[in-house]
Amino acid sequence: MHSEHRKIVEAIEKQDGRAARDAMRKHLQNSLERVRALALASGVETTDAAQKATAASLFSDLKGSVAPTR
């Protein structure tokens, strides 16, 4: 996880937007896989529909709390 963060920071420091986006996307994908593995190992299982509904609710809540960018 630390190496993923380091890659994001390095790309930002170099002002390489594409590399930063790619590194962040990879980090988020890996994080999702880590969370899914932990949930499965803990005996927590959900359906795709339940995951999508939870994500939709979360992002809906976040949209209201984030100031728009220009």
Side-chain angles (χ1 to χ4, degrees):
M1 208 173 352
H2 293 312
S3 67
E4 293 171 12
H5 288 163
R6 184 174 22 82
K7 288 178 184 178
I8 296 166
V9 170
E10 288 172 355
I12 292 170
E13 288 175 341
K14 292 177 184 175
Q15 297 183 357
D16 185 342
R18 175 173 281 202
R21 276 190 303 278
D22 290 346
M24 188 65 196
R25 185 174 289 116
K26 184 70 174 169
H27 172 60
L28 292 174
Q29 289 170 342
N30 289 342
S31 294
L32 179 58
E33 291 304 316
R34 286 188 286 267
V35 168
R36 284 181 175 160
L38 179 61
L40 185 60
S42 300
V44 176
E45 296 183 45
T46 63
T47 64
D48 282 344
Q51 289 175 354
K52 287 178 183 177
T54 301
S57 174
L58 172 64
F59 288 116
S60 176
D61 291 346
L62 289 175
K63 283 181 184 178
S65 64
V66 176
T69 59
R70 294 181 183 201

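No hydrogens, no waters, no symmetry mates; every other heavy atom, side chains included, goes into these values.
The existence of a salt bridge linking K7 and E10 is excluded, since no basic side-chain nitrogen approaches an acidic carboxylate oxygen closer than 4.0 Å.
Residues that satisfy the side-chain contact (heavy atoms from CB on, under 4.5 Å) test with I12, not counting sequence neighbours, are I8, A20. Applying the salt bridge (Lys or Arg N to Asp or Glu O under 4.0 Å) criterion to E13, with sequence neighbours excluded, gives no partner residue. Listed by chain and residue number, E4 satisfy the side-chain hydrogen bond (donor to acceptor under 3.5 Å, both in side chains) test with N30 (two or more places apart in sequence, or in another chain). The side-chain hydrogen bond (donor to acceptor under 3.5 Å, both in side chains) test applied to R21 returns no partner, not counting sequence neighbours. Residues that satisfy the side-chain contact (heavy atoms from CB on, under 4.5 Å) test with Q29, not counting sequence neighbours, are R25, K26.
Within 6.0 Å of CD in Q15 there are 12 or fewer heavy atoms belonging to other residues, nucleotides or ligands.
Evaluation of the ring-ring contact (aromatic ring centres under 6.0 Å, His included) test over residues 2-23, restricted to residues two or more places apart or in two chains, returns H5-H27.
Remark: the R34 side chain and the S31 side chain contain an N/O donor-acceptor pair separated by less than 3.5 Å.
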